Amino acid sequence: MNEEKMIAYLKGELDAAGSAEVEAWYDASEENRKRLGEVYYLLYVCDRIHDSEHIDVEASLRRMKNRMHAGRRRGMRRLAWRIAAAAAVIAVLLTAGLATSSVAKRLMRPVVVFTQLGERSQVVLPDGTKVWLNSSSRVEYAAPLFSRERRVKMDGEAYFEVEHDPRAPFVVTTEGLDIKVLGTRFNIRNLDNEHTVSTVLLEGSVMAYATGDQSSSVRLRPSQQLLFDTHTKAMRLMDDPSAERSINWIDGRLSFDRNTLSEIVAELKRYYNVEVRFMDPSLSGERFSGEFRVGDGIYHIMSVLQLTYKFTYRVVGNDIEIYATTNR
């Protein structure tokens, strides 16, 4: 029995079938009863800590002093008993906290998924959200043990299909930008060399804002793209009729629509781990369009682009050198 299901049972969030499963497991052995007790104590301790944050300590002290002065002699014996009882409760809570610290660490340990150069991966997060990771990407998900907010940190490029839960907003944080959703499909691209976070919404609704500043949030509608400058924190919203193309990479497709050769080369390097050098810097701004598959290989892609007669290329070891043609 995993701790997440036990916590849901203790919070009353399971249906009848789920509750019956936990109760049958609980009755099966003394070890199971001990484990559920540990989780219960963990929840109890954390709830008490949360409640203590909202106590007006000064007002409570004043009320206690007034009661002590009003009946000091009459209440001394009763006060001593309360102090002893409070000390006993604190000792129990501390013991429970120590006994369940390992449980807390395991429950709050983040889920981390990453891909290497040329790899793609798909994962289902503990909350049911599906995530596809492009090459050289990383996603970290922290289980919301005592918070309703589901939060993910990411680098690289990832496509999300978020499990709908109106009580638990889903927030993706990347390079100073927060994307907050309730249930939707969207793609986020954050590459170190671009200094720009691109968010394309395919379905649903999301709200984007600089981390910690929801007052300047921007709401996206389906088939819209948001560009966030990681240096200036400026945001630019635009329509994107071809939004579905932003996730072509999931199927191993590479789509270029008037991209510069510099952008195309940067994308190819992510998949093929090949160093590409411009022998004529002016070539980096030339624009190309085309549809390819990752399985085609970098040499095939370069050969097709070369048919435009704007450049030639040469393979040197594991590297590629690009030269300008004389008649471009």
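Basis for what follows: all heavy atoms, side chains included, without hydrogens, waters or symmetry-related copies. Being a predicted model, the structure only gives us computed values, none of them experimental.
Of all the heavy atoms in Leu227 and Ser198, the pair that sits closest is CD2-CB, 3.8 Å. Closest of all the heavy-atom pairs between Met235 and Val218 is CE-CG2, 3.9 Å. Here the closest heavy-atom approach between residue Phe186 and residue Val206 is recorded as CD2-CG1, 4.3 Å. Nearest heavy-atom pair, Lys5 versus Val22, reported as atom, atom and distance to 0.1 Å: CG-CG2, 3.8 Å.
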So Tyr272 and Leu117, side-chain contact (heavy atoms from CB on, under 4.5 Å) or not? Walk me through it.
-> CA-CA 7 Å; Tyr272 303 110; Leu117 279 169; over 6 Å; no
Step-by-step side-chain contact (heavy atoms from CB on, under 4.5 Å) determination, Thr129 to Val124 | CA-CA 6 Å; Thr129 292; Val124 179; over 6 Å; no
Does the pair Leu177 and Thr199 meet the rule for a side-chain contact (heavy atoms from CB on, under 4.5 Å), with working shown?
-> CA-CA 10 Å; Leu177 178 71; Thr199 304; 4.1 Å; yes
Could you walk me through whether Lys310 and Asp280 pass salt bridge (charged side-chain N to carboxylate O under 4.0 Å, His left out), step by step?
-> CA-CA 11 Å; Lys310 293 181 179 180; Asp280 184 339; over 6 Å; no
Chi angles and distances behind the side-chain contact (heavy atoms from CB on, under 4.5 Å) call for Leu133, Val139 | CA-CA 8 Å; Leu133 281 79; Val139 165; 4.1 Å; yes
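In Phe278, the CZ atom is crowded: over 12 heavy atoms of neighbouring residues, nucleotides or ligands sit closer than 6.0 Å. Atom NZ of Lys153 has 12 or fewer heavy atoms from other residues, nucleotides or ligands within 6.0 Å. More than 12 heavy atoms of other residues, nucleotides or ligands lie within 6.0 Å of NZ in Lys233, so this atom counts as buried by the packing criterion. Within a 6.0 Å radius of CZ in Arg236, other residues, nucleotides and ligands contribute 12 heavy atoms or fewer.
Side-chain atoms of Ser205 and Arg221 form no donor-acceptor pair, as typed in the model, at a separation below 3.5 Å. Side-chain contact of Glu157 with Asn187: a donor-acceptor pair under 3.5 Å is present, judged by distance alone. Checking Asn134 against Ser137 by side-chain atom types alone, no donor-acceptor pair falls below 3.5 Å. In summary, the side chains of Tyr209 and Ser215 do not present any donor paired with an acceptor at a separation below 3.5 Å, with no hydrogens or angles considered. Using modelled atom types, one finds a donor on one side chain and an acceptor on the other under 3.5 Å when comparing Ser242 with Asp240.
Atom CG in Asp27 sits 9.5 Å away from atom CG in Asn32 (nearest 0.5 Å). Rounding to the nearest 0.5 angstrom, the gap separating the CE atom in Met302 from the CG atom in Leu261 is 6.0 Å. Atom CZ of Arg219 and atom CG of Leu201 lie 10.5 Å apart (nearest 0.5 Å). Atom CD1 in Ile322 sits 9.0 Å away from atom CG in Leu305 (nearest 0.5 Å). Interatomic distance, Thr174 OG1 to Phe228 CZ, rounded to the nearest 0.5 Å: 9.5 Å. Atoms CG and CD, from Leu202 and Glu161 in turn, are 9.0 Å apart once rounded to the nearest 0.5 Å.
Screening residues 290-299 for salt bridge (Lys or Arg N to Asp or Glu O under 4.0 Å), with sequence neighbours left out, gives Arg245-Glu291. Residue pairs meeting the side chain to side chain donor-acceptor pair (under 3.5 Å) criterion with at least one member in residues 113-124, sequence neighbours excluded, do not occur.
A donor-acceptor pair under 3.5 Å links the side-chain atoms of Arg150 to the main chain of Ala168, judged by distance alone. Checked by atom type and distance alone, the side chain of Asp319 never pairs as donor or acceptor with a backbone atom of Gly317 at under 3.5 Å. Remark: side-chain polar atoms of Arg270 are paired, donor with acceptor, to backbone N or O of Ser135 under 3.5 angstrom. The main-chain N or O of Arg185 is never found under 3.5 Å from a side-chain atom of Tyr159 such that the two would form a donor-acceptor pair. Panel note: side chain Glu263, backbone Thr260; a donor-acceptor pair is recorded below 3.5 Å. Ser223 contributes no side-chain N or O that, together with a main-chain N or O of Ala243, makes up a donor-acceptor pair within less than 3.5 Å. Checking side-chain atoms of Thr230 against main-chain N and O of His195 turns up a donor-acceptor pair under 3.5 Å. Not a single donor-acceptor pair under 3.5 Å links the side chain of Ser262 to the backbone N or O of Gly285.
Under the 4.5 Å side-chain criterion, counting only non-hydrogen atoms from C-beta, Asn259 is not in contact with Arg287. Under the 4.5 Å side-chain criterion, counting only non-hydrogen atoms from C-beta, Tyr299 is not in contact with Val304. Inter-residue side-chain proximity for Tyr313 and Gln306 is flagged as met; some heavy-atom pair is nearer than 4.5 Å. A 4.5 Å side-chain heavy-atom check between Met279 and Arg314 finds every atom pair outside the cut-off. At least one side-chain heavy atom of Leu254 sits less than 4.5 Å from a side-chain heavy atom of Ile301. Residues Phe114 and Asp155 form no side-chain contact, since every pair of their non-hydrogen atoms from C-beta on lies 4.5 Å or further apart. Inter-residue side-chain proximity for Ile179 and Ile188 is flagged as met; some heavy-atom pair is nearer than 4.5 Å.
Salt-bridge annotation for Glu140 and Arg138: present, with a side-chain N of the basic residue lying under 4.0 Å from a carboxylate O of the acidic one.
Met207 and Val197 are members of different hydrophobic clusters when ILVMFWY side chains are connected at heavy-atom separations under 4.5 Å. Neither Tyr323 nor Val265 shares a network with the other; the hydrophobic side chains, linked directly or stepwise wherever heavy atoms of I, L, V, M, F, W or Y lie under 4.5 Å apart, form separate groups for each. Clustering ILVMFWY residues whenever any of their side-chain heavy atoms sit less than 4.5 angstrom apart, transitively, puts Val274 in the very cluster that holds Val315.
Checked against the 6.0 Å centroid criterion, the rings of Phe288 and Phe256 do not qualify as a close aromatic pair.
Checked against Tyr141 for a side chain to side chain contact (heavy atoms under 4.5 Å, CB included), the options Val131, Val172, Leu125 give a single hit: Leu125.
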